[in-house]
Amino acid sequence: MTSKLADTTDDLKEEIKSLKSEIRRVSQALENSGGGSISVDIRKDEVAQTEPSFVVVKDLVRQIREDVKSSLAARGEIAVDELVDKMPETTAADLLKSLANTDRLKMVKTLYSARRTFSDFKTLTGLEAASVNNHLKSLLNMGLVSHSDEGGYELTKRGRMLTRTRALMSEALGGETID
């Protein structure tokens, strides 16, 4: 594959040199003639000769694109494996605990689309103020929720990312309930 690529590259370089030379020749002819029009006669056999090189270039571009995609996929897998290896279990457990409650999940989910107030959470969950307060403290401590400058609460960047990840996990599991 490498020698084929090198041969194709050399052929393309030669073709480019030839085209540059032809462009220079035509430019000089135009300068000497003082303007006018250009007509180019191309024989059918010359056109036919250029088509295979186009196909080769097209195949080359496709092959390069596929190689880059597979390389990125392999690097992505390695990067994720490294993240898994380095992830502290206590941090992961704390993070999962902060969302291991349907009321907290509901609160985070509603914050994904809009800012909410304390009373919005009371109405949404049907919980007493003390319970809403405890859930909010947990979400605030994990950095998933923050106080909004305009009042109320909003998701942090971390909270948005975790909410998206949770949705992807649910989709990957087919939305199945686990006993």
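For the numbers below, each heavy atom of this structure counts, side chains included, while hydrogens, waters and symmetry mates do not.
Follow the hydrophobic side-chain contacts under 4.5 Å out from Val108 and you never reach Met161; the two are in separate clusters.
Panel note: side chain Asp120, backbone Thr117; a donor-acceptor pair is recorded below 3.5 Å. In terms of modelled atom types and a separation under 3.5 Å, the side chain of Thr110 and the main chain of Met107 share a donor-acceptor contact.
By the 6.0 Å and 45° rule, Arg160 stacks over the aromatic ring of Tyr112.
Note that NZ of Lys106 and CG of Leu127 are 8.0 Å apart. Values are rounded to the nearest 0.5 Å. To the nearest 0.5 Å, atoms OG (Ser146) and CG (Leu139) are separated by 11.0 Å. In this structure, CG in Leu144 is found 10.0 Å from CZ in Arg104, a value given to the nearest 0.5 Å. The OG atom of Ser131 sits 10.5 Å away from the NZ atom of Lys122 when rounded to the nearest 0.5 Å. Atoms OG and CG, on Ser119 and Leu124 in that order, are 11.0 Å from each other to the nearest 0.5 Å. Met142 contributes atom CE, which lies 8.5 Å from atom CG of Leu162 (distance to the nearest 0.5 angstrom).
Of all the heavy atoms in Arg115 and Gly151, the pair that sits closest is CD-O, 3.5 Å. Scanning both residues, Val145 and Thr156, for their nearest heavy atoms gives C-CG2, 3.8 Å.
Within the 4.5 Å cutoff, side-chain heavy atoms of Lys109 are placed close to those of Arg166. Residues Asp103 and Phe121 form no side-chain contact, since every pair of their non-hydrogen atoms from C-beta on lies 4.5 Å or further apart. Proximity of Leu140 to Tyr153: side-chain heavy atoms (C-beta onward) are separated by under 4.5 Å at one or more points.
Other residues, nucleotides and ligands place more than 12 heavy atoms under 6.0 Å from the CD atom of Glu150.
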- Task: Please report the C-alpha distance between Glu128 and Val132 in whole Å, then the side-chain angles of each, then the deciding distance to 0.1 Å, and finally whether the side chain to side chain contact (heavy atoms under 4.5 Å, CB included) criterion is met.
- Result: CA-CA 6 Å; Glu128 295 297 321; Val132 170; over 6 Å; no
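No side-chain donor from either of Ser138 and Asn141 sits under 3.5 Å from a side-chain acceptor of the other.
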